[in-house]
Amino acid sequence: MNLKIKAVHSLKGNIPLPSSKSYSIRAFIIAACGGTSKVVNPSDCDDALVGMHLAKALGARLSEIKKHTWKVEAFKKILKVDTINVKESGTVLRLLLPLLSLWGKKSLVVGERTLRERPNRYLVETLRKMGVDIQGTGEKESVPIKIKGGKLHGGRIEIDGSLSSQFISALLIACPLLEEDTQLIITGRKIVSIEYIKMTQQVLKSSGV
């Protein structure tokens with residue numbers, strides 16, 4: 001087959017791009033922290049759907065008010081379930097742990113397949129320093145992770161930015177809900193994936209934080 005393509009001076013048209021998984025997860029989780037929010041055109045990938053499920057588990061009410069537009073109402077901050085399955089989403093797992101610690105209630109976070117091997121030790125150790133009785137599995141503090149009690153408190157917190165941006169994003173989301181102010185001191189030679197921290201800040205700013 002021979003195809004002949006004629007040259008043109010310009011191209012016009014509309015191409016719908018897939019929505020960002022990372023933005024979608026942050027939007028649903030931050031919306032679940034309080035008030036009424038509207039999430040427009042979220043991703044429908046597996047991790048984003050886990051984020052939606054998590055928002056419901058945190059007590060938010062979700063309703064699709066029109067195609068690709070979700071209303072999230074989060075006035076009752078009640079943890080509805082004792083066990084939360086985050087499937088294979090490391091992002092959802094890390095953003096979830098500090099939020100679960102706000103209630104001072106026992107809960108269990110489980111995951112599937114590769115997530116069972118991913119490390120969470122540094123975040124878990126940081127949460128312990130902030131007053132949470134939390135225990136992961138093995139040296140890596142992987143899932144399943146048990147929150148046995150305690151309550152998250154603020155203050156001056158040092159966290160190594162060279163390990164994971166998700167740890168920093170997790171605290172940025174949870175700490176505005178604390179009674180006292182929190183100062184995050186980012187250590188390490190280099191902050192990895194800083195763009196994802198900026199993404200978290202953008203979504204928080206859009207939500208009034």
Side-chain angles (χ1 to χ4, degrees), residues 20-30 32-33 43 45-48 50-51 54 58 84-102 107-178 180-205 209:
S20 165
K21 173 188 74 173
S22 298
Y23 265 114
S24 299
I25 290 172
R26 285 161 173 77
F28 280 116
I29 291 178
I30 291 172
C33 290
S43 170
C45 72
D46 289 344
D47 283 11
V50 172
L54 172 59
L58 293 175
I84 297 179
N85 187 347
V86 296
K87 304 272 177 96
E88 285 191 273
S89 178
T91 301
V92 173
L93 170 65
R94 274 69 178 269
L95 300 186
L96 168 66
L97 291 179
L99 291 176
L100 285 179
S101 306
L102 294 172
S107 54
L108 176 67
V109 182
V110 298
E112 299 175 1
R113 293 183 287 275
T114 59
L115 193 63
R116 295 172 184 161
E117 300 298 324
R118 294 181 65 176
N120 305 289
R121 187 174 69 180
Y122 195 81
L123 178 57
V124 168
E125 289 177 347
T126 300
L127 293 176
R128 287 194 189 111
K129 294 176 183 176
M130 297 176 73
V132 183
D133 186 358
I134 182 172
Q135 183 65 54
T137 301
E139 293 183 0
K140 295 180 180 180
E141 303 275 9
S142 302
V143 293
I145 297 175
K146 295 180 181 179
I147 295 180
K148 304 174 183 179
K151 193 172 182 181
L152 197 70
H153 61 76
R156 188 180 187 276
I157 307 299
E158 290 191 7
I159 189 163
D160 191 341
S162 66
L163 297 177
S164 172
S165 66
Q166 292 175 351
F167 297 166
I168 299 170
S169 288
L171 294 176
L172 284 174
I173 293 172
C175 287
L177 298 171
L178 301 178
E180 59 274 288
D181 290 342
T182 304
Q183 185 180 19
L184 296 181
I185 310 300
I186 311 303
T187 62
R189 293 184 178 180
K190 182 180 180 181
I191 301 177
V192 297
S193 304
I194 192 171
E195 294 81 8
Y196 288 94
I197 299 173
K198 293 179 179 179
M199 179 188 298
T200 302
Q201 291 177 303
Q202 289 172 358
V203 181
L204 285 168
K205 185 177 181 180
V209 179

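When reading the values below, keep in mind they use all heavy atoms of this one structure, side chains included, and skip hydrogens, waters and symmetry mates. These figures come from a predicted structure and were not determined experimentally.
Counting all heavy atoms, side chain and backbone alike, L152 lies closest to A174 at CD2-CB, 4.2 Å. Nearest heavy atoms, L95 versus P98: O-CD, 3.8 Å. In this structure, L96 and V86 approach most closely via the heavy-atom pair CD2-CG1, 3.9 Å. Across all non-hydrogen atoms, the minimal contact from F28 to G51 is CB-O, 4.0 Å. A48 and I25 get closest at one heavy-atom pair: CA-CG1, 4.0 Å. Residues A27 and V203 come closest through the heavy atom pair CA-CG1, 4.0 Å.
Shown here are the salt bridge (charged side-chain N to carboxylate O under 4.0 Å, His left out) partners of R113, two or more places apart in sequence or in another chain: E88. In this structure T182 satisfies the side chain to side chain contact (heavy atoms under 4.5 Å, CB included) test together with I157, C175, L178, L184, sequence neighbours excluded. Scored by the side-chain hydrogen bond (donor to acceptor under 3.5 Å, both in side chains) test, Q202 finds Y23 as partners (sequence neighbours excluded). Taking the salt bridge (charged side-chain N to carboxylate O under 4.0 Å, His left out) definition, one finds that R118 meets it with nothing, sequence neighbours left out. S20 meets the side-chain hydrogen bond (donor to acceptor under 3.5 Å, both in side chains) test with no other residue; sequence neighbours excluded. Residues satisfying the side chain to side chain contact (heavy atoms under 4.5 Å, CB included) criterion with K140, sequence neighbours excluded, are E117, P119, S142. Under the rule for a side chain to side chain contact (heavy atoms under 4.5 Å, CB included), the partners of S164 that lie at least two apart in sequence or sit in another chain are R94, Q166, F167. Every side chain to side chain contact (heavy atoms under 4.5 Å, CB included) that N85 has, sequence neighbours left out, goes to K87, V110, E112. Residues passing the salt bridge (charged side-chain N to carboxylate O under 4.0 Å, His left out) test with E158 are R156, sequence neighbours excluded.
Residues I29 and L54 meet the side-chain proximity criterion, which asks for heavy atoms closer than 4.5 Å. Put simply, the side chain of L99 reaches to within 4.5 Å of the side chain of L177, judged on heavy atoms.
Taking OG of S89 as the reference point, atom CG of L115 lies at 7.5 Å (rounded to 0.5 Å). Taken from CG in L58 to SG in C33, the straight-line distance is 7.0 Å, to the nearest 0.5 Å. Once rounded to the nearest 0.5 Å, the distance linking CG of L123 with CD1 of I145 reads 8.0 Å. Between S107 atom OG and I147 atom CD1 the span is 4.0 Å, to the nearest 0.5 Å. Note that the CG atom of L108 and the CD atom of Q135 stand 12.0 Å from one another [nearest 0.5 Å]. One finds the CG atom of L171 at 8.0 Å from the CD1 atom of I186 (value rounded to the nearest 0.5 Å).
Sorted by first and then second residue, the salt bridge (Lys or Arg N to Asp or Glu O under 4.0 Å) pairs with a member in residues 186-203 form an empty list; sequence neighbours excluded. Annotation: salt bridge (Lys or Arg N to Asp or Glu O under 4.0 Å) contacts involving residues 127-137, sequence neighbours excluded, comprise R128-E141. Residue pairs meeting the salt bridge (Lys or Arg N to Asp or Glu O under 4.0 Å) criterion with at least one partner in residues 145-154, sequence neighbours excluded, are absent.
Panel note: side chain Y122, backbone L163; no donor-acceptor pair is recorded below 3.5 Å. No donor-acceptor pair under 3.5 Å is formed between the side chain of S101 and the backbone N or O of V132. Side chain of T137 to backbone of P144: a donor-acceptor contact under 3.5 angstrom is found.
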Candidate pair S169 and T200, rule side chain to side chain donor-acceptor pair (under 3.5 Å), full reasoning: CA-CA 6 Å; S169 288; T200 302; 2.7 Å; yes

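Counting heavy-atom neighbours within 6.0 Å of E180 CD, excluding the residue itself, gives a total above 12.
None of L204, L172, T91 except one satisfies the side chain to side chain contact (heavy atoms under 4.5 Å, CB included) rule with R26; the exception is T91.
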